[in-house]
Amino acid sequence: MVLYDSATLGGSCSGSSSSSSSSKPPPLQQRQQTQQDIDGLLAGAGYRVRSSELRKVAQRLERLETAMVNSPADLSQLASDTIHYNPSDLASWVDSLLSEFTQPPTCPSEFIMDPETNQTVVSDAWTTAEPHMPQVHQNISYQQQSLNNQLTVDNQLTVVTAMEEDSGIRLVHMLMTCAECVQRGDFSLATSCLEDMQGLLTRVNTVCGIGKVAGHFIDALSRRIFQGIGGGSINGGSAYENEILYHHFYEACPYLKFAHFTANQAILEAFDGHDCVHVVDFNLMHGLQWPALIQALALRPGGPPLLRLTGIGPPSPDGRDSLREIGLRLAELARSVNVRFAFRGVAASRLEDVKPWMLQVNPKESVAVNSIMQLHRLLGSDLNRNSPIETVLSWIRSLNPKIMTVVEQEANHNQPGFLDRFTEALHYYSTMFDSLEACTVQPNKALAEIYIQREIANVVSCEGSARVERHEPLSKWRTRLSGAGFRPLHLGSNAYKQASMLLTLFSAEGYSVEENDGCLTLGWHSRPLIAASAWQAVSDGPADFPA
């Protein structure tokens, strides 16, 4: 610190603080006039201090600087003190600040010198004077510290949350930019975007929310860029793995339960009054859907019908006849409730490979065709053959089914433009993952997320025949099925009641069932995620089954 005395401040413009031994001191009158001039300058600047006091003030400032260096922790206390001193009264202001640093530490105990032993002993002065004061003082100090700590934590959380939100918004924008680069073939810029997004992922929570969703879409974009649009087993692992993941998705959230219960109610009503019924299931998957229907048929007034079930599923990779094993379990259940039952398994890797003769449908049977999230896999086009969806719908209609139940994702992931498809998928699966956060079942929830992750990978990473997750909304299915010779059946109030009861029993708040022109949708808050509908073939006379 530089110290200025009155002589220095009143000296010439040379600013020298020393004077020659040979110079003569100014006369008393001249010094007084100089001090008055300086006092006037200080007063004009707003400082209530005389020039004669500046040396003492300078010394105090030096002491204040030393105290501040030795007590840096007390600066925050001074900065946040509710008492504000007037700095224009320079001497008083410095003295006040000094007093803040020179106060003795407050302590509930005092150190006293024992005159006999000449040793320091501790005396609880507060306890001696007022027995309850120490505890009260300590409580106040602890509560104040806790409050300050909580405020600090809250402020830190607010800052962290704001940073996370900002990073999350930037992630979404960069995902869209990367998808746009992919669409126009600028893979160099897309790769750069991927690197930037990987860095942003370190700043957000990837356990839930946009961080988790963005991570899955970044992985899918990486596969598309580095492995090609049809390379690798992007559609998932083995059939056994897919069945396991399907089962955990069923257990973790209400979507498949909704699909099964809604379809079963519609089939049960369609079979009313028929003694021989045949269900063709396009995706047997452990037979999870059918115990409930078997039990409902067992309770039907007038007795249960003869139930035939044909289950379609992929061939077992290990040579086991897994379809037959599922059929045996269902047969045992049917026997226990006195329902006559017959099962037939049809192993096929793709639904379009199934031929109607494989199903062995009897013309005297009342037939129900059940498709849970399967028809969208037939929407791929191949210039060398007929459209798979047209072929399958044609032979379904030839079976003249009493009812066809269709459950599909309420999404538009079959658009030709990659950017449009990517945008729709990002919104759809963000909502899907939000809904999964309400599920508490573990480990089903974690494996259910893998099930959804594989869908994302196929929607984003694949093209051509490799892309099978070609979800379309209910409006497009209405147009397609009506044009293929089917008319809609109204899902009755019983189906709506069962779906609503299902949500009450198995699901958290936030899921909602809506009726849509005779169809039912299940969604998360205001966004429908799957749609269930029922259809019947329009009869135009008998038709021969195609080969």
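Basis for what follows: all heavy atoms, side chains included, without hydrogens, waters or symmetry-related copies. Just so it is clear, the structure is predicted and the values come from calculations on it, not from any experiment.
Note: F249 and Y255 have parallel aromatic rings, judged against thresholds of 30 and 60 degrees for the angle between ring planes. Ring geometry for F418 versus F422: interplanar angle of 30 to 60°, hence tilted.
When side chains are defined from C-beta on, R329 does not count as touching L333, because their heavy atoms never get closer than 4.5 Å. When side chains are defined from C-beta on, R421 counts as touching R467, because their heavy atoms get closer than 4.5 Å. At a threshold of 4.5 Å between non-hydrogen side-chain atoms, the residues C519 and R478 count as touching. Contact check for L503 versus P254: side-chain heavy atoms found under the 4.5 Å cut-off. At a threshold of 4.5 Å between non-hydrogen side-chain atoms, the residues L393 and L378 do not count as touching. Using a 4.5 Å heavy-atom cutoff, the side chains of W395 and K355 are not in contact. Two residues are said to be in side-chain contact when any heavy atoms from C-beta on lie closer than 4.5 Å; L194 and F226 meet this criterion. In this structure the side chain of E325 never reaches within 4.5 angstrom of the side chain of L328, judged on heavy atoms.
Under a 4.0 Å N-O distance rule, the pair E408/K476 does not qualify as a salt bridge. Between R377 and E469, at least one side-chain nitrogen of the basic residue sits less than 4.0 Å from a carboxylate oxygen of the acidic one, meeting the salt-bridge criterion.
Distance CZ/R350 to CD/Q374: 14.0 Å, rounded to 0.5 Å. Taken to the nearest 0.5 Å, the CG atom of N264 stands 8.0 Å off from the OG1 atom of T405. Within the model, atoms CG of D275 and CG of L307 stand 12.5 Å from one another, a figure rounded to the nearest 0.5 Å. Distance check, rounded to the nearest 0.5 Å: CG of L221 to CZ of F187 gives 10.5 Å. Rounded to the nearest 0.5 angstrom, D186 CG and T191 OG1 are separated by 9.0 Å. For the atom pair D434 CG and W524 CH2, the distance stands at 7.5 Å (nearest 0.5 Å).
For the residue pair A266 and L491, the shortest heavy atom distance occurs at CB-CD2, 3.7 Å. Here the shortest heavy-atom pairing between M197 and C178 reads CE-CB, 3.9 Å. The shortest non-hydrogen separation linking F271 to S366 is CE2-O, 3.4 Å. A pairwise comparison of heavy atoms in A220 and A457 identifies CB-CA, 4.0 Å as the closest pair. Across every non-hydrogen atom of A270 and H274, the tightest pair is O-CD2, 3.6 Å. The two atoms that bring W477 and I389 nearest to each other are CZ3-CD1, 4.1 Å, heavy atoms only.
Q409 and Y428 are not linked by any side-chain donor-acceptor pair at a separation below 3.5 angstrom, with hydrogens and angles left out of the test. Side-chain contact, Q453 with E449: no donor N or O sits under 3.5 Å from an acceptor N or O. Donor-acceptor pairing under 3.5 Å is recorded for the side chains of Q289 and N370.
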Self-check item: Steps toward side chain to side chain contact (heavy atoms under 4.5 Å, CB included) verdict (L474, D517)
Solution: CA-CA 11 Å; L474 179 61; D517 291 336; over 6 Å; no
Practice problem: Evaluate the side chain to side chain contact (heavy atoms under 4.5 Å, CB included) criterion for residues F282 and V354: first the C-alpha distance (whole Å), next the side-chain angles of each, then the deciding distance (0.1 Å), finally the verdict. | Solution: CA-CA 10 Å; F282 279 179; V354 176; over 6 Å; no
Quiz prompt | Test side chain to side chain contact (heavy atoms under 4.5 Å, CB included) applied to E269 and I403, step by step | solution = CA-CA 10 Å; E269 294 177 3; I403 189 173; over 6 Å; no
Practice problem: In sequence, state the C-alpha distance, the side-chain angles, and the governing distance for V367 and N400, and then conclude on side chain to side chain contact (heavy atoms under 4.5 Å, CB included). | Solution: CA-CA 7 Å; V367 177; N400 194 27; over 6 Å; no
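In summary, the aromatic rings of F433 and H216 are positioned with their centroids under 6.0 Å apart.
In the displayed structure, R324 atom CZ is contacted under 6.0 Å by at most 12 heavy atoms of other residues, nucleotides or ligands. Annotation for H490: atom NE2 counts as buried by contact number, over 12 foreign heavy atoms lying within 6.0 Å.
Judged by distance alone, with hydrogens and angles left aside, the side-chain atoms of T479 form a donor-acceptor pair with the main-chain N or O of S475 at under 3.5 Å. Judged purely by atom type and a 3.5 angstrom limit, T202 has no side-chain atom pairing as donor or acceptor with the backbone of Q198. Side chain of T177 to main chain of H173: a donor-acceptor pair is present (N/O by atom type, distance under 3.5 Å, no hydrogens or angles). Side chain of N458 to backbone of V468: a donor-acceptor contact under 3.5 angstrom is found. R397 contributes a side-chain N or O that, together with a main-chain N or O of V538, makes up a donor-acceptor pair within less than 3.5 Å. Panel note: side chain Y451, backbone H247; no donor-acceptor pair is recorded below 3.5 Å.
Under the side chain to side chain contact (heavy atoms under 4.5 Å, CB included) criterion, E424 pairs with A411, N412, H413, Q415, R527, not counting sequence neighbours. For K402, the side chain to side chain donor-acceptor pair (under 3.5 Å) test picks out no residue, with sequence neighbours left out.
Residue pairs that meet the side-chain hydrogen bond (donor to acceptor under 3.5 Å, both in side chains) test with at least one member in residues 297-316, sequence neighbours left out, are H278-T310, R308-E365, S316-S322.
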